[in-house]
K.L.:
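Handing you this structure, nothing more for now.
Note that the numbering runs from 1 along the sequence shown for the chain. When a ligand or atom number is given, it counts from 1 through the structure's own listing order.
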Amino acid sequence: MENITHKFIVLSGKGGVGKSSIAVNLAVWLSMQGKSVGLLDIDIHGPSIPKLLNLEDRKVQIKGKKIKPVLYSDTLKIMSIGFLLQNESDALIWRGPMKHNVIKQFVTDVSWGNLDYLVVDCPPGTGDEPLSIVQLLGKIDGAIIITTPQQLAIVDVKKCLTFCKQLKLPVLGVIENMSGFICPHCNNRIEIFKGDGGKEMARDFNVPFLGSVPIDPALARACDSGKPFIDFDSQNPTAQAIVSAFEPLLVLGKQIQTGTAFYSTSQNKNPANKEKQNKMRIAIPVTASKLSAHFGHCEEFAMVDVDEQTKEISNIVKLQPPGHQPGVLPQWLNEQQADIIIAGGMGQRAQQLFAQNNIKVVIGASDQAPEQLVKAYLNDTLETGDNICDH
Ligand code: ADP
């Protein structure tokens, strides 16, 4: 395991929320970025990775005392209990200690070699398997939690967050899957499951919200045919939504390892209603720890949560923004529930887009640290100069 630089584990509270589909696409996407990647499926009772990658007829080989993982490509190695079963429909009836032993073998006896990333797809819930893998992997960058927006799924996913907290496992972020459906006939968005459960939960638990992925029949078809969407249908808007959710992970993993990530898994006390609590989130584009004059080219966004009444900062999360094509950042900041952006300069069009996304824009701030800017803003002493951006 010491030859593996980054380890991500993918968790969900419930089954059927798209956890394995996202895990597969994450592993394939990382390998498409030129990384060497391993994908470990520890869903002992319902391994779906072989099917999702069209590798159902493949079996592992034993070389010496080592198990050779199945190769999806030169840079993506896969291991799953599915490769050891005689038939796809075989059921394993195993208790905790047996599962722990097989997961241990997957970790210690598989010739993973040098990997940039290991992605582990866990079964849903917080049972024996995720506990075993967290104990066996050693240092883990963190968990990616997949949920769907409806309240029933959210209740269970909160247990995942508590699980992470108890095991001191960093949470890299939450991805809300099956978040609305774009009708192919009228292009209107239909909310199949009401609510913004994933986003709200991420905010309540002070963990990054990585993004939302709509229900897309093309994604379901890709899963059924074992062709990872991200590879075979990369221009599809849903594939692009998946990529924007993955992009921050490259940076978050590094931040966690160097101890520069700012996150916490403690739940805010009264998550009920933002207005009632006077909670506000201020986004500040940052480069080298100070406000970046050109918000589209900043290194990261500091998301500063404040209590409007006490004028206290309650939390700061640093998030890696997606690309800065027109419209992307206002929408992304809206998804991150930003209420205000404090910027150096900003063009007219961007100002309009922020307004459309219900984000107030404060322009002309100088290159100070986010905390200083926010404190000055709250005390009405923020000095603003000219808008240095005129396009
Ligand atoms: P889990 O691992 O959480 O049990 P899966 O990844 O196996 O869930 O997905 C369950 C089913 O939902 C699969 O048939 C998959 O193709 C489908 N699915 C997942 N995400 C989406 C989506 N965004 N749009 C359409 N179908 C999806």
K.L.:
So L40 and L118, side-chain contact (heavy atoms from CB on, under 4.5 Å) or not? Walk me through it.
P.N.:
CA-CA 7 Å; L40 171 56; L118 178 69; 4.2 Å; yes
K.L.:
Let me know which of F301, F295, F354 forms a ring-ring contact (aromatic ring centres under 6.0 Å, His included) with W332.
P.N.:
F301
K.L.:
Between ligand 1 and V17, is the shortest N or O to N or O distance under 3.5 Å?
P.N.:
yes
K.L.:
Of the protein's non-hydrogen atoms, which lies at the shortest distance from atom 27 (C) of ligand 1, and what is that distance?
P.N.:
M178 CE, 4.0 Å
K.L.:
May I ask you to decide whether D305 forms a salt bridge with R281, counting only side-chain N to carboxylate O separations under 4.0 Å?
P.N.:
yes
K.L.:
Check this for me - ligand 1, K19, N or O atoms closer than 3.5 angstrom, yes or no?
P.N.:
yes
K.L.:
Who's the nearest protein heavy-atom neighbour of atom 22 (C) of ligand 1, and how far?
P.N.:
L219 CD2, 3.4 Å
K.L.:
Classify the contact between S20 and ligand 1 as side chain, backbone, both or neither, using a heavy-atom distance cut-off of under 4.0 Å.
P.N.:
both
K.L.:
Output the list of atoms in ligand 1 that are nearer than 4.0 Å to some heavy atom of N177, sorted by atom number.
P.N.:
19 (C), 20 (N), 21 (C), 22 (C), 23 (N)
K.L.:
At less than 4.0 angstrom from any non-hydrogen atom of G15, what atoms of ligand 1 do you find?
P.N.:
4 (O)
K.L.:
Does the side chain of V110 reach to within under 4.5 Å of the side chain of P69, using non-hydrogen atoms?
P.N.:
yes
K.L.:
With no hydrogens and no angle check, just 3.5 Å: does a side-chain donor-acceptor pair link K99 and H45?
P.N.:
yes
K.L.:
For atom 25 (C) of ligand 1, what is the closest protein heavy atom, and at what distance to 0.1 Å?
P.N.:
D216 O, 3.2 Å
K.L.:
Looking at ligand 1, is there an atom of it that comes within less than 4.0 Å of some heavy atom belonging to P124?
P.N.:
no
K.L.:
For H297 and H294, take the angle between the two ring planes, folded into 0 to 90°, and tell me which bin it lands in: parallel under 30, tilted 30 to 60, perpendicular over 60.
P.N.:
perpendicular
K.L.:
Is it true that D156 and K14 make a salt bridge, defined as a side-chain N closer than 4.0 Å to a carboxylate O?
P.N.:
yes
K.L.:
Heavy-atom pairs closer than 4.0 Å: do any link ligand 1 to the side chain of P214, the backbone, both, or neither?
P.N.:
backbone
K.L.:
Please report which non-hydrogen protein atom sits nearest to atom 4 (O) of ligand 1, along with the residue it belongs to and the distance in Å to one decimal place.
P.N.:
G16 N, 2.7 Å
K.L.:
Could you tell me whether D121 approaches ligand 1 through its side chain, its backbone, both or neither, with non-hydrogen atoms closer than 4.0 Å?
P.N.:
neither
K.L.:
Quick test: of every protein heavy atom, which one is nearest to atom 14 (O) of ligand 1, and how far off is it to 0.1 Å?
P.N.:
D224 OD1, 4.5 Å
K.L.:
Please check if the side chain of D307 supplies one atom and the backbone of E312 the other of a donor-acceptor pair under 3.5 Å.
P.N.:
no
K.L.:
Give me the nearest non-hydrogen protein atom to atom 13 (C) of ligand 1 as residue plus atom name, then the distance to 0.1 Å.
P.N.:
S21 OG, 4.6 Å
K.L.:
Nearest protein heavy atom to atom 26 (N) of ligand 1, by residue and atom, and its distance?
P.N.:
A220 CB, 3.5 Å
K.L.:
Is a salt bridge present between D109 and K65, judged by a nitrogen-to-oxygen distance below 4.0 Å?
P.N.:
no
K.L.:
In terms of residue, atom name and distance, what is the protein heavy atom nearest to atom 8 (O) of ligand 1?
P.N.:
G18 N, 3.0 Å
K.L.:
Determine yes or no for a side-chain-to-main-chain donor-acceptor pair under 3.5 angstrom, with S179 supplying the side chain and E176 the backbone.
P.N.:
no
